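Okay, so here's the structure we're looking at.
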Number of protein chains: 2
Amino acid sequence: MKRAPQFKRTPQRLAILDYLEGNTSHPSAEDIFRTVSKKYQSMSFATVYNTLNTLAKSGTLRELTIDPERKRYDPDTSRHHHLICVLCGRIVDVPEGVTVDLPGAMAHDFTILGNHIEFYGNCPACKKKRKIP
Amino acid sequence: MKRAPQFKRTPQRLAILDYLEGNTSHPSAEDIFRTVSKKYQSMSFATVYNTLNTLAKSGTLRELTIDPERKRYDPDTSRHHHLICVLCGRIVDVPEGVTVDLPGAMAHDFTILGNHIEFYGNCPACKKKRKIP
DNA sequence: ATAAATGCAAAGCATTTGCAGTAAA
DNA sequence: TTTACTGCAAATGCTTTGCATTTAT
């Protein structure tokens, strides 16, 4: 059995973790790179991706597929859902409400490990801007 | 006001539509290209993508983002959800069961246009192969 | 000392685009 | 004959990888 590699607390990683801590904006790799590389002018994209992949594999970070253009990252690994504003692309957390299940027939054949609801809609800011009731 | 462009029924498009008709495998662009180009040796990837994008824009086709590696396409545009087997990647249709809503507080501020549930789990074939109960 | 991470540049894929030629309407 | 589509190849954009060097442990 191969032992899991050590996770080294490099300054770059700490800076990324610091940026993600409590962040509810669901940033893309580029968002993270742009912000963190301001403090860390030597930061490279490879490091951002390597770190994100490491964190995702260890379960510290959730990779979202809700944006068809790019991966988004969510430091909140608790069970919750998301809403994407179809006008501005903003992604908002949605607390887990009712429990959703597979229809009985399928529930018998499949094993469910988790689920994720994507809501599509308009956020308050866009409704205001576009005068949508 | 610019009039919507005509949709021309080219043999390539008809072949793609024919392949998608009733198809529940949620194929990627490459799946479609591979199959359709057998009949149509001149078929190009650009044509596949152009057609898929045209169909998606017209609402004839649904683009799925459930697979983080690539877009998948679903000719079934009725309201339903999906289950992805985390072992084999197969995507299976899930009929719409209970209605899911935003929590009351958010429901007041956001306008919801739709939702999509992604279930993650194991399909019967993989359960059998891996002896998962 | 050792194992792992960084940073760079190059490579890898999925997807898009420009354009000249071709075909549907 | 007009308008749109095809096919090619080149371009784009996100993400990954190889490797020499550096750093955390």
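Source: prediction; values computed, not measured.
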Next on the checklist: Please pick, from dT17(C), dC5(D), dC14(D), the nucleotide with the shortest atom-to-atom distance to any side-chain atom of E30(A).
Outcome noted: dC14(D)
Next on the checklist: Taking donor-acceptor contacts at under 3.5 Å, does the side chain of K8(B) reach the base of dT3(D)?
Outcome noted: yes
Checklist entry - Contact class for P68(B) (heavy atom, under 4.0 Å): base, sugar-phosphate, or nothing? => result nothing
Item to check | Distance in angstrom units between Y49(B) OH and dA9(D) P, rounded | outcome: 17 Å
Item to check | Closest to the N53(A) side chain, choosing from dT16(C), dT16(D), dA5(C) | outcome: dT16(D)
Checklist entry - Hey, what do you get for OG1 (T47(A)) to CD1 (I32(A)), rounding to the nearest 0.5 Å? => result 13.0 Å
Next on the checklist: Checking contacts here: which listed nucleotide (dT16(C), dG7(C), dG7(D)) is nearest the side-chain heavy atoms of S44(B)?
Outcome noted: dG7(D)
Checklist entry - Does D74(B) reach the side chain of D93(B), with side-chain heavy atoms less than 4.5 Å apart? => result yes
Next on the checklist: Donor-acceptor check, side chain of D18(B) to backbone of A15(B), threshold 3.5 angstrom: yes or no?
Outcome noted: no
Item to check | Between dT22(C) (C1') and M43(B) (CE): distance, integer Å | outcome: 15 Å
Item to check | Q12(B) side chain, from C-beta outward: closest of dT6(D), dA24(C), dG7(C) | outcome: dT6(D)
Checklist outcome for this item: When rounded to the nearest 0.5 Å, the distance separating CZ of F119(B) from CD1 of I91(B) is 14.0 Å
Checklist entry - Among dA4(D), dA5(C), dT6(D), which nucleotide sits nearest the side chain of T10(A)? => result dA5(C)
Item to check | Side chain of A46(B) - closest among dA4(D), dT16(D), dA9(D) | outcome: dA9(D)
Checklist entry - In whole Å, what is the span from the CG atom of N50(A) to the P atom of dA5(C)? => result 9 Å
Checklist entry - Which part of the nucleic acid, if any, lies within reach of S28(B) when heavy atoms closer than 4.0 Å are counted: base, sugar-phosphate only, or nothing? => result nothing
Item to check | Side-chain N,O (R70(B)) to OP1/OP2 (dA14(C)) below 4.0 Å | outcome: yes
Item to check | dA25(C) OP1/OP2 closer than 4.0 Å to side-chain N/O of R9(B) | outcome: no
